Amino acid sequence: MDLGIEGRFAVVCASSRGLGRACALELARAGCTVVVNGRDAEALDKTAAEIRSLTGATVIAIVADVSTPEGQDALVGAVPQVDILVNNNGGPPYRDFRDIDREALLDGVIGNMATPIELIQRVVDGMVERRFGRIVNITSSSVKAPIAGLDLSSGARAGLTAFLGGVARSVAHANVTINFLLPGPFDTRRLRSNEENRARQRGVDVSTVRAEAEARIPARRVGDPDEFGAACAFLCSARAGYITGQNLLIDGGDYPGVM
């Protein structure tokens, strides 16, 4: 399918690895100029070079913390205009809610709610003026099914979802869409690291931990980041202009509900 976004300018936050990288790769394949971002310069440069090699696209690497005004300036200023924005950021660590002090609470809200809102504030009016804009926010399946220990992540991302629900409808008339991708377990470095930690704690092989996790998922496997990137690219496409304010859960059927 021709996604109809060749020549567009896309900014993908936190895209040196994992799901963010997968989104950047698919947007580059669709013909976009892509800004990739991370805080690890070596990893980011490697990702940018790989995407250039695989797609022939123009890829601009910006080392920055997206949660800071300076980082946001650098991302938005890297291209003449932002037609596509993919909001992504690391979540707070697993922690009992009793152990979350005020500073950690505010940091979590800044990272996973305030930062994407600030980036949208910077780019949405230009999108409305040009009558094209695609904004995708990577949140988590825990927005629909909260996980104890990830309360801060779930709460901040759920707050973002509610905040932007009304915003999405206020700009839909201008062919600007705002949607949400909710990943379940995907084969990323973070997932593998968590599996290794659990394996050490239990004194079992990592493959045992993976097999147990996959047995709980109706699809009987974890997700491939490429699948996630393809879904992101479609929501960013010219073909998805009638989809806005929606949460797309990508979890292999793990969530048991229908709403």
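This structure is a prediction, so every number in the text was calculated from the model and none was measured. We use all heavy atoms of the structure for the numbers below, so side chains are in, but hydrogens, waters and symmetry mates are not.
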>> For residues 244-259, which residue pairs pass the side-chain hydrogen bond (donor to acceptor under 3.5 Å, both in side chains) check, not counting sequence neighbours?
In response: none
>> Checking I217 against R221 for the side-chain contact (heavy atoms from CB on, under 4.5 Å) test, could you report, in this order, the C-alpha distance in whole Å, the side-chain angles of both residues, the deciding distance, and whether it holds?
In response: CA-CA 7 Å; I217 300 170; R221 65 180 178 87; over 6 Å; no
> Could you go step by step and tell me if I178 and V171 meet the side-chain contact (heavy atoms from CB on, under 4.5 Å) rule?
Replying inline: CA-CA 9 Å; I178 303 175; V171 297; 4.3 Å; yes
> What residue pairs, at least two apart or across chains, pass side-chain hydrogen bond (donor to acceptor under 3.5 Å, both in side chains) with a residue in residues 56-73?
Replying inline: S67-N89, S67-T115, Q72-E118, Q72-R122, D73-R122
> Does F132 belong to the same Ile/Leu/Val/Met/Phe/Trp/Tyr cluster as F9, with side-chain heavy atoms less than 4.5 Å apart forming each link?
Replying inline: no
>> If hydrophobic residues (ILVMFWY) are linked whenever their side-chain heavy atoms come closer than 4.5 Å, directly or via other members, who joins V206 in its cluster?
In response: none
>> Once salt bridge (charged side-chain N to carboxylate O under 4.0 Å, His left out) is applied, do any residues pair with D40, and if so which ones, sequence neighbours excluded?
In response: R17
> Do the side chains of V76 and V11 get nearer than 4.5 Å, heavy atoms only?
Replying inline: no
>> Regarding N137 and T139, do their side chains bring together a donor and an acceptor under 3.5 Å, going by distance alone?
In response: no
>> Do the side chains of E212 and R202 get close enough for a salt bridge, i.e. N-O under 4.0 angstrom?
In response: yes
> Which pairs pass salt bridge (charged side-chain N to carboxylate O under 4.0 Å, His left out) with one or both residues in residues 140-160, sequence neighbours excluded?
Replying inline: none
> To the nearest 0.5 Å, how far apart are CG in N112 and CD1 in I138?
Replying inline: 11.5 Å
> What ring pair (Phe, Tyr, Trp, His ring centres under 6.0 Å) pairs are there with at least one residue in residues 96-125, not counting sequence neighbours?
Replying inline: none
> Do I135 and V82 share a hydrophobic cluster, counting only Ile, Leu, Val, Met, Phe, Trp and Tyr and linking them when any side-chain heavy atoms are less than 4.5 Å apart?
Replying inline: yes
> Under a 4.5 Å cut-off applied to non-hydrogen side-chain atoms, are L181 and I250 in contact?
Replying inline: yes
> Is the side chain of R220 donor-acceptor paired with the backbone N or O of A215 at a distance under 3.5 Å, no angle test?
Replying inline: yes
>> Hydrophobic clusters here meaning ILVMFWY residues chained together by side-chain heavy-atom distances under 4.5 Å, can you tell me if V79 and V36 are in one?
In response: no
>> Please list all pairs meeting ring pair (Phe, Tyr, Trp, His ring centres under 6.0 Å) that have one or both residues in residues 145-180, counting only residues at least two apart or in different chains.
In response: none
> Shared ILVMFWY cluster between V123 and V167, side chains joined below 4.5 angstrom?
Replying inline: yes
> What pairs meet the ring pair (Phe, Tyr, Trp, His ring centres under 6.0 Å) rule with one or both residues in residues 206-247, with sequence neighbours excluded?
Replying inline: F186-F228
>> So which atom in A24 and which in S15 form the shortest heavy-atom distance, rounded to 0.1 Å?
In response: CB-CB, 4.3 Å
>> Which residues pass the salt bridge (charged side-chain N to carboxylate O under 4.0 Å, His left out) test with R52, not counting sequence neighbours?
In response: none
>> Side-chain heavy atoms under 4.5 Å apart, restricted to Ile/Leu/Val/Met/Phe/Trp/Tyr: what other residues fall into the cluster of V204, or is it alone?
In response: V209
> Under a 4.5 Å side-chain heavy-atom rule over Ile, Leu, Val, Met, Phe, Trp and Tyr, are L248 and V86 clustered together?
Replying inline: yes
> With E129, which residues qualify under salt bridge (charged side-chain N to carboxylate O under 4.0 Å, His left out), at least two apart?
Replying inline: none
> Partners of R192 by salt bridge (charged side-chain N to carboxylate O under 4.0 Å, His left out), sequence neighbours excluded?
Replying inline: D187
